[in-house]
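What follows is one structure encoded as structure tokens, with my remarks underneath.
Given the structure is predicted, the values throughout are model-derived calculations rather than measurements. Numbering of ligands and ligand atoms starts at 1, following listing order.
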Amino acid sequence: MALSKKDLLGLRGVPASEISEILNTAELMKVILASNNKKTPHLQGKTILTVFYENSTRTRLSFELASKYMGGVAANMSASGSSVAKGESLIDTARTLDRLASDVMILRHSMTGAPHLMAQHVKASVINAGDGTNEHPTQALLDMFTMKEKLGGISGLNVAIVGDVTHSRVARSNLWGLTTMGAKVTFAAPPTLLPPELAAAGCRVTEYVDDAVREADVVMGLRIQLERQQKGLFPTVREYHRYFGLTPERIALAKKGALVMHPGPMNRGVEISSLVADGEQSVIDEQVTNGVAVRMALLFLLTRRNVQ
Ligand code: CP
């Protein structure tokens with residue numbers, strides 16, 4: 001039980017056997033999380049650093065909690081308030097953190113490829129917690145864990161992913177992970193938010209949300225990244241909701257019992273209505289809890305690799 005590589009930089013190219021290993025280990029971790037004594041010794045003597053150049057609530061805190069539940073030493077570095085604000089480069093920062101005896105570094109950065117660069121310069125294992133518009137592999141792993149837990153498996157599922165695909169690293173990691181695990185992925189978005197090259201990656205793309213959602217087993221909304229919408233990629237937020245938002249009427253087109261997912265944070269009333277976000281089919285809160293279990297599993301498997 002270990003991963004073949006030092007780092008987890010993305011899900012593209014990760015074999016199904018390794019994804020299954022992570023998901024199966026997360027099942028065991030979830031049992032520990034549900035108990036009254038959330039303590040394991042698996043990370044005793046290990047130091048885990050979260051290194052965040054962008055904001056985060058779920059990812060950063062769930063890695064920190066996962067490290068602490070497993071007996072590790074957890075510390076956080078944010079770009080603001082650190083020597084990054086004085087101009088220290090990513091590579092110099094990475095080397096400094098490596099010398100502070102970290103075993104795992106978890107990096108979120110606005111630049112695509114930043115975790116790959118860091119991984120080349122440190123002995124520690126590097127986990128990508130979101131790089132630019134490239135990948136967010138631990139989010140896709142927790143999404144797949146939730147699908148498997150709720151629907152019994154991933155192979156053969158129809159997964160509709162709706163929203164700002166162009167700017168979404170969650171969309172890309174889910175594409176690579178889900179297709180490797182045998183699911184069918186359909187992306188739906190306005191043409192300005194739907195990169196055409198994705199059609200060559202083994203998924204379906206459409207401008208019609210109703211077509212994507214019809215007969216889906218899972219409907220995943222993506223956050224409209226309002227901070228990146230200065231270019232007029234859609235007319236108004238109200239029109240976006242009308243034509244592309246996840247509403248009860250649209251969710252009714254999906255299979256009976258289909259799951260509604262969203263990585264968070266949500267723009268309620270934009271990409272998803274509150275009736276859907278808080279509705280019976282929503283597993284959005286469970287995704288958050290499952291994120292801790294999946295990150296516990298990853299930390300266990302990556303640090304175990306170091307001792308074998
Ligand atoms: N889904 C996700 O990455 O959330 P945070 O930005 O809060 O970490």
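The list of ring-ring contact (aromatic ring centres under 6.0 Å, His included) pairs with a residue in residues 36-75, not counting sequence neighbours, reads His42-Phe300, Tyr53-His109.
Side-chain heavy atoms closer than 4.5 Å link hydrophobic residues (I, L, V, M, F, W, Y) into clusters, and following such links, possibly through other members, connects Ile161 to Trp176.
Listed by chain and number, the residues in a salt bridge (Lys or Arg N to Asp or Glu O under 4.0 Å) with Asp7 amount to none (sequence neighbours excluded). For Tyr240, the ring-ring contact (aromatic ring centres under 6.0 Å, His included) test picks out Phe234, Phe244, with sequence neighbours left out.
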Please assess Glu149 against Asn290 for the test side-chain hydrogen bond (donor to acceptor under 3.5 Å, both in side chains), listing each intermediate value before the final yes or no.
CA-CA 10 Å; Glu149 183 181 57; Asn290 289 340; 3.2 Å; yes
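A donor-acceptor pair under 3.5 Å is formed between the side chain of Glu135 and the backbone N or O of Leu11.
Around ligand 1, the residues contributing at least one heavy atom under 4.0 Å from the ligand are Ser56, Thr57, Arg58, Thr59, Arg108, His136, Gln139, Pro263, Gly264.
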